[in-house]
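Take a look at the structure set out below.
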Amino acid sequence: MRLLVIEDDEQLGPWLKSELAGTLGGADLVTTLDEALAAISVRQFDLIVVDRRLPDGDGVDLLARLKQLQPRPGVLVLTALDDPNDIARALDAGADDYLAKPFEPIELIARAKAVIRRLQLDQRGRVTVANLMFDATSRMAYIDGEPLVIPRRELALLEALARRSGQVVLRDTLEAAAYSFDDEIQSNAIDAHISRLRKRLRDNGCLASIKPLRGLGYLLCDTR
């Protein structure tokens with residue numbers, strides 16, 4: 001496991017490197033976007049933790065480049081910007097998760113582990129969240145091993161959420177997953193589908209829950 005921390009704060013940067021390396025593996029620290037580009041050109045990273053405000057630009061501007069890497073590293077964005085539009089921009093640009101400053105070490109490690117888990121699906125293409133399992137190969141969902149029979153659009157929404165479990169999935173992403181390009185999408189249609197899906201999961205004893213976040217979208221998480 002190799003991590004890259006992109007943070008220019010003289011105290012926070014070394015602390016992040018130490019905390020992440022102590023729990024997850026080796027970590028490198030750079031302080032600018034130029035240094036980050038140089039690092040990813042010579043070394044493969046499993047997780048990249050990047051600050052928004054860097055001396056030579058916004059950390060989000062690096063995400064388009066990171067999406068082109070194979071295999072693609074997980075990306076956790078750190079930010080003191082908690083406006084929904086700033087969060088949406090980071091997620092839409094390709095961030096797997098974001099963490100607002102200030103934060104506790106335990107939350108940093110938990111978020112980093114969650115990003116890595118989502119990117120390390122097993123070879124069978126299965127995603128597990130609590131007692132819910134989604135099989136990407138057969139496009140079937142199971143709760144405690146029992147098949148969950150749900151309508152096509154709800155299944156598409158569940159797949160989109162399961163593949164990004166623990167992170168916010170934007171409404172536009174959910175609409176793209178559930179509707180064809182020529183479908184007419186009614187106002188609040190996604191909210192209605194999600195509401196029915198949440199009830200269906202709850203009624204079938206699912207220990208994972210779908211939660212809204214600030215009107216941006218929804219996330220699927222373990223509620224145990």
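As a basis for the values below, the full set of heavy atoms in this structure was taken, side chains included, without hydrogen atoms, waters or symmetry mates.
- In summary, Asp97 and Arg111 engage in a salt bridge, as defined by a charged side-chain N under 4.0 Å from a carboxylate O.
- Lys17 and Asp28 are not joined by a salt bridge, as no carboxylate oxygen comes within less than 4.0 angstrom of a charged side-chain nitrogen.
- When all heavy atoms of Val127 and Ser165 are compared, the closest pair comes out as CG1-OG, 4.4 Å.
- The only option from Leu220, Leu219, Thr173, Asp96 that meets the side chain to side chain contact (heavy atoms under 4.5 Å, CB included) definition with Arg164 turns out to be Thr173.
- Taking each heavy atom of Leu132 and Ala141 in turn, the nearest pair found is CD1-CB, 4.5 Å.
- Looking at heavy atoms from C-beta onward, Lys113 lies in side-chain contact with Leu24 at the 4.5 angstrom threshold.
- Judged as a side chain to side chain contact (heavy atoms under 4.5 Å, CB included), and not counting sequence neighbours, the contacts of Glu154 are Ile150, Pro151, Arg196, Leu197, Arg200.
- In summary, Lys199 and Asp203 engage in a salt bridge, as defined by a charged side-chain N under 4.0 Å from a carboxylate O.
- Proximity of a side-chain donor or acceptor of Arg72 to a complementary backbone N or O of Lys67 within less than 3.5 Å is not detected.
- Asn204 places no side-chain N or O within 3.5 Å of a backbone atom of Cys206 that could act as its donor or acceptor partner.
- Using a 4.0 Å cut-off between charged nitrogen and carboxylate oxygen, Asp51 and Lys101 count as a salt-bridge pair.
- In terms of heavy-atom proximity, Val77 sits nearest to Ala95 at CG2-CB, 3.6 Å.
- Under the 3.5 Å distance criterion, the side-chain polar atoms of Ser41 are matched with a main-chain donor or acceptor of Ala38.
- Under 3.5 Å, the side chains of Thr31 and Glu35 contain a donor-acceptor pair of N or O atoms.
- Ionic pairing of Arg89 and Asp61 is present here: one or more N-O contacts between side-chain nitrogen and carboxylate oxygen are shorter than 4.0 angstrom.
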Intermediate values then yes/no, side chain to side chain contact (heavy atoms under 4.5 Å, CB included), Ser209 and Leu201: CA-CA 8 Å; Ser209 178; Leu201 294 177; over 6 Å; no

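- Scored by the side chain to side chain contact (heavy atoms under 4.5 Å, CB included) test, Arg198 finds Ile194, Ile210, Pro212 as partners (sequence neighbours excluded).
- Counting heavy atoms from C-beta on, the side chains of Phe134 and Val129 never come closer than 4.5 Å.
- Under a 3.5 Å cut-off, the side chain of Glu7 and the backbone N or O of Asp9 do form a donor-acceptor pair.
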